[in-house]
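Lettering follows sequence order; numbering is per chain, from 1.
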Number of protein chains: 2
Amino acid sequence: MNSTSIEKSPTFSPLYQQIKMLIMQGLQSGEWKPGELIPSEMDLAVRFKVSQGTVRKAIDELSSENLLVRRQGKGTFVATHHEPHVQFRFLRLKPDVGEASYPQNRIIELKRLRASSEIAQILDIKLGDPVVYFYRLQSFEGVPTMLDEIWLPGSIFKGLSAKRLEEHAGSMYSLFETEFNTRMIRAVEKVRAVLADERASELLRISRNSPLLSVERVAYTYADQPVEFRRGLYITEHFHYFNELT
Amino acid sequence: MNSTSIEKSPTFSPLYQQIKMLIMQGLQSGEWKPGELIPSEMDLAVRFKVSQGTVRKAIDELSSENLLVRRQGKGTFVATHHEPHVQFRFLRLKPDVGEASYPQNRIIELKRLRASSEIAQILDIKLGDPVVYFYRLQSFEGVPTMLDEIWLPGSIFKGLSAKRLEEHAGSMYSLFETEFNTRMIRAVEKVRAVLADERASELLRISRNSPLLSVERVAYTYADQPVEFRRGLYITEHFHYFNELT
DNA sequence: TAGTGGTCTAGACCACGCT
DNA sequence: GCGTGGTCTAGACCACTAG
């Protein structure tokens with residue numbers, strides 16, 4: 001990096017973008033961990049040999065992408081799934097009436113498999129690579145409501161156990177962050193209406209051919225690396241999937 | 001507004017927020033219409049007696065809220081639903097394979113009613129106020145796929161006709177913008193899985209008790225004023241509702 | 001009181017689109 | 001060449017937090 005002139009063609013990018021990338025590398029490498037304080041704007045400006053305003057613009061963007069959180073008077077922190085606010089960004093099923101609450105969590109089965117071609121493609125791993133697969137039933141006030149199947153790359157989630165998953169009810173991602181050093185920062189979902197199959201109807205205690213909301217999610221960590229595939233089936237009689245278009 | 005000192009308590013707000021509000025008023029009042037060029041940053045800075053940087057920060061935010069669009073070298077424009085890019089922000093149903101395309105549009109019925117208590121509450125109007133109601137069937141390549149019921153406040157959408165609606169297939173909001181001076185800037189949706197009722201199964205040509213995606217939308221114009229309520233039923237066999245969590 | 005982020009300014013120069 | 005938005009700097013002061 002050059003403090004007096006910016007590299008021009010063919011790979012020109014603004015200084016603040018370069019700073020942004022440097023900070024992201026610090027996040028990705030674990031130099032600054034979720035929940036921790038990063039250096040002040042002035043410190044970073046000195047370290048990177050740019051003005052405070054340029055660091056500020058980089059942090060502004062990272063903050064609007066939910067990778068950093070600014071707190072006036074205190075400093076800038078690495079975002080974490082431990083904050084309750086963040087968790088509802090990734091839990092879009094809300095009760096029709098009343099406040100959102102945390103579901104109870106039951107892991108029905110967890111096993112190690114080899115990636116099928118479909119899963120390998122989605123998780124960007126090789127056919128036959130190790131995969132952790134489990135499915136779980138989540139209930140609100142004792143009423144079974146959400147049934148999820150989840151596939152994770154085995155190379156990252158070594159040693160994941162049903163016990164740990166059940167303890168971390170509504171905040172699986174904070175477990176991943178703490179114990180597997182993997183922070184989910186973005187997810188893409190495909191939502192459909194389907195009919196309950198046999199397994200779903202039994203576990204959710206509803207009749208066959210009840211309508212269910214099917215939500216397929218691929219979640220990504222830094223550098224757009226896919227690290228979770230999930231297929232969820234949700235009862236939407238007293239809940240709905242919430243979305244805002246802006 | 002004061003150019004040399006900012007008002008403090010109890011109604012303190014940063015200068016750039018005040019500028020932002022002034023620009024929004026210009027948008028709302030129609031001083032600058034969708035698609036038009038607004039004055040340059042320097043012109044606005046002079047007009048509002050602040051520095052260019054302050055105007056810039058105000059425009060930055062309006063731009064990230066999709067109210068304005070900046071084009072380097074050309075100027076800053078009022079966002080419009082006429083741009084194809086914008087239209088897909090509000091059409092979340094995508095084909096499982098292939099590119100998104102525009103549906104054909106058939107208005108089945110359009111009538112004037114009086115607001116029920118439910119509709120009055122949602123649209124923030126009085127019980128019994130005039131309402132335009134219609135429902136329409138949209139098809140992709142001749143296959144019926146989307147069935148929508150739509151309620152609009154009659155005071156705003158005077159003279160809306162089925163003919164005009166059918167001509168404006170995939171971009172109803174651009175029609176609203178041009179002919180009724182009402183620009184949708186934000187919407188909130190509740191998504192559920194339901195079973196086809198009799199009317200839906202006939203119009204969509206599917207069997208009773210097929211699963212359908214139900215999407216209830218409330219759309220807002222400036223100042224968070226609700227101006228549309230919509231209840232949609234979508235076949236998700238070859239389409240899905242797309243969403244990104246960030 | 002010291003240190004942090006937040007706001008505001010003024011000025012320089014760059015990149016882009018058009019004439 | 002000129003006008004637009006885009007980047008970068010340097011410095012001043014404000015608002016919030018914590019010791």
Side-chain angles (χ1 to χ4, degrees), chain A residues 1-23 32 35-79 83, chain B residues 1-23 32 35-79 83:
Chain A
M1 207 187 61
N2 188 322
S3 63
T4 57
S5 71
I6 303 175
E7 278 305 313
K8 298 285 168 5
S9 58
T11 50
F12 167 81
S13 92
L15 246 190
Y16 77 88
Q17 286 286 359
Q18 300 176 32
I19 304 301
K20 190 178 159 186
M21 289 308 157
L22 290 171
I23 297 175
W32 306 305
E36 286 181 4
L37 183 66
I38 72 168
S40 73
E41 295 180 351
M42 272 309 300
D43 288 353
L44 290 173
V46 170
R47 173 190 312 197
F48 297 138
K49 297 201 179 64
V50 298
S51 76
Q52 190 204 10
T54 300
V55 172
R56 165 163 285 271
K57 176 134 188 174
I59 292 180
D60 275 348
E61 291 208 350
L62 290 168
S63 170
S64 80
E65 291 166 20
N66 299 307
L67 297 186
L68 296 177
V69 177
R70 322 184 76 137
R71 289 196 230 280
Q72 186 174 151
K74 297 172 85 170
T76 301
F77 297 79
V78 182
E83 302 156 39
Chain B
M1 207 186 62
N2 188 322
S3 64
T4 57
S5 71
I6 302 173
E7 277 306 312
K8 298 285 169 4
S9 59
T11 50
F12 166 81
S13 92
L15 247 190
Y16 76 88
Q17 286 286 359
Q18 301 177 31
I19 304 301
K20 190 179 158 185
M21 288 307 157
L22 290 172
I23 297 176
W32 307 304
E36 286 181 5
L37 182 66
I38 72 168
S40 74
E41 294 179 353
M42 271 310 299
D43 288 352
L44 291 172
V46 170
R47 173 189 313 196
F48 297 136
K49 296 200 180 61
V50 297
S51 76
Q52 190 204 10
T54 300
V55 171
R56 165 163 286 272
K57 176 134 186 173
I59 292 180
D60 275 348
E61 292 208 351
L62 291 167
S63 170
S64 80
E65 292 167 19
N66 298 307
L67 297 186
L68 296 177
V69 176
R70 323 183 76 137
R71 290 196 228 281
Q72 185 174 142
K74 298 172 84 171
T76 301
F77 298 78
V78 183
E83 302 156 41

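- In this structure, A:Leu68 places its CG atom 16 Å from P of C:dT4, rounding to the nearest Å.
- Of the residues near DNA chain D, B:Gly73 and A:Gln72, the one whose nearest nucleotide (by heavy atom distance) lies more toward the 5' end is B:Gly73.
- The distance from atom CZ of A:Phe77 to atom C1' of C:dG3 is 13 Å, rounded to the nearest whole Å.
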For A:Gln18 and A:Leu15, what are the C-alpha separation, side-chain angles and deciding distance, and is it a side chain to side chain contact (heavy atoms under 4.5 Å, CB included)? CA-CA 5 Å; A:Gln18 300 176 32; A:Leu15 246 190; 4.2 Å; yes
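- For the OP1/OP2 pair of C:dT9 and a distance below 4.0 Å, the side-chain nitrogens and oxygens of B:Thr54 include at least one atom meeting the criterion.
- Atom CZ in A:Arg70 sits roughly 16 Å away from atom P in D:dC16 (whole-Å rounding).
- Base pairing analysis places C:dC18 opposite D:dG1; the two distances defining the Watson-Crick or G-U wobble pair are each below 3.5 Å.
- For A:Tyr16 and C:dC13, the OH to P distance is 21 Å, given to the nearest whole Å.
- Taking atom NZ of residue B:Lys74 and atom C1' of nucleotide D:dG3, one finds them 14 Å apart after rounding to whole Å.
- The distance between atom CD1 of A:Ile59 and atom P of C:dT7, rounded to the nearest whole Å, is 14 Å.
- How far CG of A:Leu68 is from CG of A:Asp60: 10.5 Å, rounded to the nearest 0.5 Å.
- Side-chain atoms of B:Glu36 do not come within 3.5 Å of backbone N or O of B:Val78 as any donor-acceptor pair.
- When the nucleotides D:dG5, C:dG6, D:dC8 are ranked by their closest atom to the side chain of A:Arg56, C:dG6 comes out on top.
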Please assess B:Leu44 against B:Ile59 for the test side chain to side chain contact (heavy atoms under 4.5 Å, CB included), listing each intermediate value before the final yes or no. CA-CA 10 Å; B:Leu44 291 172; B:Ile59 292 180; 4.1 Å; yes
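- Between A:Lys57 and the phosphate of D:dC8, there is no side-chain N or O to OP1/OP2 separation shorter than 4.0 Å.
- Between B:Ser40 and D:dG3 there is no side-chain polar atom (N or O) within less than 4.0 angstrom of OP1 or OP2.
- For the atom pair A:Leu62 CG and A:Met21 CE, the distance stands at 8.5 Å (nearest 0.5 Å).
- The distance between atom CD of A:Gln52 and atom P of C:dC8, rounded to the nearest whole Å, is 15 Å.
- Rounded to an integer number of Å, the gap from CG of B:Asp60 to P of C:dC8 is 13 Å.
- Across all strands, A:Arg71 comes closer than 4.0 Å only to sugar-phosphate atoms, never to a base (heavy-atom distances).
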